[in-house]
Amino acid sequence: DTGSAAAVPIDDVDIAYVTPVTIGTPPQTLQLDFDTGSSDLWVFSSHTPASQVRGQEIYSPNKSSTAKLLEGHTWSITYGDGSASRGNVYVDNFTVGGLSVAQQAVQTAQQVSSSFTSETNIDGLLGLGFSTLNTVSPKSQLTFFDNAKASLDSPVFTVDLKAQAAGTYDFGFIDKAKYTGEITYVPVNTNPGYWTFTSSGYAVGSGSFSSQSITGIADTGTSLVYLPTAIVTAYYRQVSGATNSRNYGGYVFPCSSALPTFTFGVGDARFTIPSSYISYSPIAPGSSTCFGGLQSSSGLGINIWGDVALKAAFVVFNGANPPTIGWAKK
Ligand SMILES: N#Cc1c(N)n[nH]c1N1CCCC1
């Protein structure tokens, strides 16, 4: 089996991407945020209070002849940015890009935090982290990828995110048309359940490459790149007018400033993030102050290679035993 589905940016700065999925019988279509940084599959639903729904598509299990309540099971998740949701659990037929899982645990939201309510283009999340992170209790549930894995031609999914264009999530195969050159695979540490790997170093613009280990997670559910302060200050030293603003919560700079590229290493391979990805967005519509796509990870306790980095590569999430992660140019 294989599957392939589009990853569509939800706004003009690629803050997140959504992918269509169908749930139940007859099929209900929702747009979900595929997130390699978490492992819950949850959806806005008929159980979500109307006051917390602002145009999102919802899943109504009572309209699906194949839905079954997972008696006595609940879930509750809080993300690194403070957003949260919780609810109960059904199992139902679930399809992504032609790939179907018969009894997928679908976590229906009975409560979502305000940032999810205001994100009207996201109808829920599909976790692609390791199932050890799943929050369903008393029995934790498997991710869509873990449920599908045995029937996949190859136990992999690939991520091809694009700037301001539709990219792709492929399941079960590696599409040679989506990348150039070789794929560089490196080991993954599955503790604590993320796709954790070690980058081999970085360079700012045309500067020399600094070989150093940077351990972090490949996270499609995070918009920006969060790296150690020393690396981030070295970058913004090259940006005139850049400052680390407590007010805006990170590095900002005049939108007119020239930005260097940022290169990161995976093994012997080198990936360059274009300056345009790092000039992330004006801090407010029409403002001449821009917020950087590269920020310090010092407050997070973890380095995160989010969409700003993933957009610069074709990435293979290899779910074999042991898992590895592969990076290729495109
Ligand atoms: N914070 C955060 C975060 C993360 N590190 N991965 N996915 C996240 N979210 C998905 C939806 C809201 C936040």
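What you see is a predicted model, and the numbers here were worked out from it, not measured in a lab. FYI, side chains are in, hydrogens and waters are out, and symmetry mates aren't considered; it's all heavy atoms of this structure.
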Practice item. Using the side chain to side chain contact (heavy atoms under 4.5 Å, CB included) rule, take V186 and T324 through it: C-alpha gap first, then chi angles, then the decisive distance, then the call. Key: CA-CA 6 Å; V186 292; T324 60; over 6 Å; no
Closest non-hydrogen atom pair, [X] against [Y]:
{"X": "T190", "Y": "P323", "result": "CG2-CG, 3.5 Å"}
{"X": "G72", "Y": "P138", "result": "O-CD, 3.5 Å"}
{"X": "L133", "Y": "G193", "result": "CD1-O, 3.3 Å"}
{"X": "Q110", "Y": "N88", "result": "NE2-ND2, 3.3 Å"}
{"X": "I325", "Y": "A218", "result": "CD1-CB, 3.6 Å"}
{"X": "N303", "Y": "P228", "result": "OD1-CD, 3.2 Å"}

Review point. Is the distance between the ring centroids of Y90 and H47 under 6.0 Å?
Key: yes
Review point. Is the F264-Y202 ring centre distance short of 6.0 angstrom?
Key: no
So, the side chain of [X] versus the backbone of [Y]: is there a donor-acceptor pair under 3.5 Å, distance only?
{"X": "S60", "Y": "K63", "result": "no"}
{"X": "T48", "Y": "S45", "result": "yes"}
{"X": "D40", "Y": "T135", "result": "yes"}
{"X": "S39", "Y": "F130", "result": "yes"}
{"X": "S85", "Y": "Q111", "result": "no"}
{"X": "T222", "Y": "L224", "result": "no"}
{"X": "T233", "Y": "A230", "result": "yes"}
{"X": "S113", "Y": "S83", "result": "no"}
{"X": "T143", "Y": "L128", "result": "no"}
{"X": "Q295", "Y": "V225", "result": "no"}

Review point. E57 and F44: side chain to side chain contact (heavy atoms under 4.5 Å, CB included), yes or no, with the steps?
Key: CA-CA 7 Å; E57 294 297 322; F44 276 76; over 6 Å; no
Practice item. Inspect the contact between D170 and K178 and indicate whether a charged nitrogen and a carboxylate oxygen are less than 4.0 angstrom apart. Key: yes
Does either side chain, that of [X] or that of [Y], offer a donor lying less than 3.5 Å from an acceptor on the other one?
{"X": "Q31", "Y": "D123", "value": "no"}
{"X": "D92", "Y": "Y59", "value": "yes"}
{"X": "T198", "Y": "T215", "value": "yes"}
{"X": "D14", "Y": "Q164", "value": "yes"}
{"X": "T29", "Y": "T22", "value": "no"}
{"X": "N134", "Y": "Q107", "value": "yes"}
{"X": "S38", "Y": "D35", "value": "yes"}
{"X": "S131", "Y": "D146", "value": "yes"}
{"X": "T66", "Y": "S64", "value": "yes"}

Mutual orientation of the aromatic rings belonging to [X] and [Y] [parallel < 30°, tilted 30-60°, perpendicular > 60°]:
{"X": "W195", "Y": "F317", "answer": "perpendicular"}
{"X": "F144", "Y": "F171", "answer": "perpendicular"}
{"X": "W327", "Y": "F197", "answer": "tilted"}

Return the [atom1] to [atom2] distance between [X] and [Y], rounded to the nearest 0.5 Å.
{"X": "I304", "Y": "I217", "atom1": "CD1", "atom2": "CD1", "answer": "4.5 Å"}
{"X": "Y277", "Y": "L310", "atom1": "OH", "atom2": "CG", "answer": "11.0 Å"}
{"X": "C290", "Y": "Y280", "atom1": "SG", "atom2": "OH", "answer": "12.0 Å"}
{"X": "K330", "Y": "K311", "atom1": "NZ", "atom2": "NZ", "answer": "9.5 Å"}
{"X": "R54", "Y": "S114", "atom1": "CZ", "atom2": "OG", "answer": "8.5 Å"}
{"X": "D81", "Y": "T78", "atom1": "CG", "atom2": "OG1", "answer": "9.5 Å"}

Exercise for review: Check step by step if side chain to side chain contact (heavy atoms under 4.5 Å, CB included) holds for F145 and L152.
Suggested key: CA-CA 9 Å; F145 177 55; L152 292 177; 3.7 Å; yes
Review point. Should D307 and S223 be marked as a side-chain hydrogen bond (donor to acceptor under 3.5 Å, both in side chains) after you check the CA-CA gap, both sets of side-chain angles, and the distance that decides it?
Key: CA-CA 5 Å; D307 299 338; S223 318; 4.8 Å; no
Review point. Does CG belonging to D268 count more than 12 external heavy atoms closer than 6.0 Å?
Key: no
Exercise for review: Flag yes if more than 12 heavy atoms outside Q212 fall under 6.0 Å of its CD atom; otherwise flag no.
Suggested key: yes
Exercise for review: Please step through side chain to side chain contact (heavy atoms under 4.5 Å, CB included) for the pair I174 and S154, ending with a clear verdict.
Suggested key: CA-CA 9 Å; I174 296 173; S154 174; 5.8 Å; no
Out of curiosity, does [Y] fall in the hydrophobic cluster containing [X] (side-chain heavy atoms, cut-off under 4.5 Å, transitive links)?
{"X": "Y185", "Y": "F173", "value": "no"}
{"X": "V8", "Y": "F34", "value": "no"}
{"X": "F291", "Y": "F253", "value": "yes"}
{"X": "L142", "Y": "L32", "value": "no"}
{"X": "I214", "Y": "F209", "value": "no"}

Exercise for review: Would you check if N244 and Y236 make a side-chain contact, meaning some heavy-atom pair closer than 4.5 Å?
Suggested key: no
Point to revise | Check: L126 and T19 side chains under 4.5 Å, non-hydrogen atoms | key: no
Check your understanding: Is the NZ or CZ atom of K329 both under 6.0 Å from the centre of the six-membered ring of F271 and within 45° of that ring's axis?
Key -> yes
Check your understanding: Hey, which of P254, P260, S275 is the one that makes side chain to side chain contact (heavy atoms under 4.5 Å, CB included) with V239?
Key -> P260
Check your understanding: Which one of L125, I10, T220, N121 satisfies the side chain to side chain contact (heavy atoms under 4.5 Å, CB included) criterion with D33?
Key -> L125
